[in-house]
Amino acid sequence: MQDVIDNLDAWREQGEQIAIATVVETWGSSPRPAGAKMAVTLGERVAGSVSAGCVEGAVIQESQAVIRSGAPRLLTYGVADETAWEVGLACGGTIKVWVEPFSDYDAVYETLKACLRSRTPCVVVDPLEGPPEALNRKLILNPEGPLAGDLDLGGQQQALIAGALEQLARGKSGSFRLDAHTLLFADVHLPNPRLIVVGAVHIAEILVPMAGLAGFDTVVIDPRGAFATAERFPGAGELVKAWPHKVLPEYGLDVSTFLVLLTHDPKIDDPALKVALPSGARYVGALGSKRTNQRRIERLLADGVSEAELARLHAPIGLPLGGRSPAEIAVSILAEIVQAKNTPNT
């Protein structure tokens, strides 16, 4: 959803009629996961993707038909379907795409945006099959309960909530049945992965925009004013001039947080590591050679950091790609972070 929100808000202000297409089920080598979205206007303005290009043309046409009729549609494309071959999905994958008018759930949409801004996990429930009067309704909820929307399915509210929260706990969007006639899609929205960079150095100047393109929210922290400047980091989500160990606890270092330390200065990096290593951060990495890292480990052990905590440290940082330039090192760091993000229980 993050990749279409800006367009949606702009189009709404301009009075555009909009449809939202969402991947709700995949098999085989489908290029986009459940939950992937594409927004389409009646004038063929497009944002997002449901197939990385394979079926976009057909979905755009269907979206415009949905805008005109006001009736949602569930579409299926796969190699066994002649239509799929016509639109180019000939790579062994199949997808189901739910297309609906974007007009009837402002309260749910505004609540969803608030959750995304506050990094609060939530799930939006959307009926794909069921009573006709329910098909244009939604409900957004989190573990504390419903937040907005109205989805009444004849006394099955508790089963609906339980199914949606189970999907949220898995961390992936997906469909589930309440009964033989009612199929629901649980559209899970987790916080964007966040990359916190300690040290506004040359490598960071390259790493931060790359991470932004890869979908990370970015934070750069450095107490040195000459380094942490907007001119050097125009695309950073946040630029913080402070001692890292003092501000890191404010960020709630959780499973969606990836932390890299690049200053090569023990006065800055070591106190930050003492905060980061015991935290719930998904990844903690530090720049430096094997010899530098061994000295770092000795200092931290002497300062009370446990061996179990130090075992979490990725150092020397980055995948061993053999690069030596700042750009190559930035690539190796981001590669290791992406690997950690996509590896369970890392």
Side-chain angles (χ1 to χ4, degrees), residues 193-212 216-319 323-337 340:
R194 178 169 53 193
L195 175 64
I196 299 178
V197 178
V198 171
V201 297
H202 191 185
I203 294 170
E205 289 184 81
I206 303 165
L207 175 61
V208 168
M210 287 171 50
F216 288 79
D217 293 339
T218 56
V219 180
V220 179
I221 305 174
D222 198 311
R224 302 167 296 183
F227 287 78
T229 65
E231 290 77 15
R232 299 183 70 213
F233 294 92
E238 293 184 53
L239 187 59
V240 182
K241 299 177 185 178
W243 286 94
H245 68 282
K246 293 183 178 180
V247 296
L248 283 175
E250 300 173 9
Y251 286 90
L253 306 181
D254 57 18
V255 71
S256 65
T257 301
F258 300 78
L259 182 68
V260 300
L261 298 98
L262 304 179
T263 73
H264 222 290
D265 184 342
K267 297 192 303 297
I268 299 174
D269 287 354
D270 286 8
L273 284 168
K274 290 180 66 176
V275 174
L277 290 173
S279 76
R282 182 71 167 271
Y283 171 98
V284 181
L287 186 68
S289 66
K290 292 182 179 179
R291 181 178 298 178
T292 297
N293 188 55
Q294 183 57 43
R295 291 197 295 265
R296 175 190 293 129
I297 289 173
E298 291 169 0
R299 289 194 307 270
L300 291 171
L301 282 171
D303 209 15
V305 178
S306 72
E307 291 187 3
E309 291 167 347
L310 285 168
R312 300 188 59 223
L313 179 62
H314 294 260
I317 196 171
L319 294 183
R324 301 182 67 86
S325 72
E328 291 174 326
I329 294 170
V331 168
S332 74
I333 293 170
L334 185 59
E336 187 171 60
I337 288 170

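When a residue number appears, it is its place in the shown sequence, counting from 1. On a predicted model such as this, the values are computed, not experimentally measured, just so you know.
The closest side-chain heavy-atom distance from Pro271 to Trp243 is not below 4.5 Å. The shortest distance between side-chain heavy atoms of Tyr251 and Glu238 falls below 4.5 Å. Within the 4.5 Å cutoff, side-chain heavy atoms of Pro223 are placed close to those of Pro244. Side-chain contact between Val240 and Val220 is absent, with no heavy-atom pair separated by less than 4.5 Å. When side chains are defined from C-beta on, Leu248 counts as touching Leu259, because their heavy atoms get closer than 4.5 Å. You'll find the side chain of Ile196 reaches within 4.5 Å of the side chain of Leu253, heavy atoms only. Considering only heavy atoms from C-beta on, Asp222 stays 4.5 Å or farther from Lys241 through its side chain. His264 places none of its side-chain heavy atoms less than 4.5 Å from the side chain of Ile203.
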Please lay out, stage by stage, how Phe216 and Val208 fare under the test side chain to side chain contact (heavy atoms under 4.5 Å, CB included).
-> CA-CA 9 Å; Phe216 288 79; Val208 168; over 6 Å; no

What do the steps show when you test His202 against Leu262 for side chain to side chain contact (heavy atoms under 4.5 Å, CB included), and what is the final call?
-> CA-CA 9 Å; His202 191 185; Leu262 304 179; over 6 Å; no

Can Asn293 and Leu313 be said to form a side chain to side chain contact (heavy atoms under 4.5 Å, CB included), step by step?
-> CA-CA 10 Å; Asn293 188 55; Leu313 179 62; 3.7 Å; yes

Run the numbers on Leu207 and Val197 for side chain to side chain contact (heavy atoms under 4.5 Å, CB included), then give the verdict.
-> CA-CA 9 Å; Leu207 175 61; Val197 178; 4.3 Å; yes

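None of Ile268, Leu287, Leu273 except one satisfies the side chain to side chain contact (heavy atoms under 4.5 Å, CB included) rule with Val198; the exception is Ile268. Looking at Asp270, Asp269, Asp265 one by one, the single match for side-chain hydrogen bond (donor to acceptor under 3.5 Å, both in side chains) with Lys267 turns out to be Asp265. Among Ile317, Leu319, Ile206, Leu195, the one residue that satisfies the side chain to side chain contact (heavy atoms under 4.5 Å, CB included) test with Ile333 is Ile317.
Salt-bridge check for Lys274 with Asp303: passed, with a basic side-chain N closer than 4.0 Å to an acidic carboxylate O.
Taking a 6.0 Å sphere around CD of Glu298, one finds it holds more than 12 heavy atoms contributed by other residues, nucleotides or ligands.
With Arg282 contributing its side chain and Ala340 its backbone, the two residues share a donor-acceptor pair below 3.5 Å. Between the side chain of Arg312 and the backbone N or O of Ser279 there is at least one donor-acceptor pair closer than 3.5 Å. With hydrogens and angles disregarded, a donor-acceptor distance shorter than 3.5 Å links the side chain of Thr218 to the backbone of Gly237. Using modelled atom types, no side-chain atom of Arg194 and backbone atom of Asp254 make a donor-acceptor pair closer than 3.5 Å. In this structure, Arg232 contributes its side chain and Phe227 its backbone to a donor-acceptor pair below 3.5 Å. Looking at Arg299, its side chain never comes within 3.5 Å of a backbone N or O of Pro266 through a donor-acceptor pair. Side chain of Glu309 to main chain of Ser306: a donor-acceptor pair is present (N/O by atom type, distance under 3.5 Å, no hydrogens or angles). With hydrogens and angles disregarded, a donor-acceptor distance shorter than 3.5 Å links the side chain of Glu336 to the backbone of Gly318.
For the atom pair CZ (Arg296) and NZ (Lys290), the distance works out to 14.0 Å, reported to the nearest 0.5 Å. Within the model, atoms CZ of Arg295 and CZ of Arg291 stand 7.0 Å from one another, a figure rounded to the nearest 0.5 Å. The CG atom of Leu310 sits 6.0 Å away from atom CD1 of Ile297, with the distance rounded to the nearest 0.5 Å.
For Ala204 against Pro209, the heavy-atom pair with the smallest separation is O-CD, 4.2 Å.
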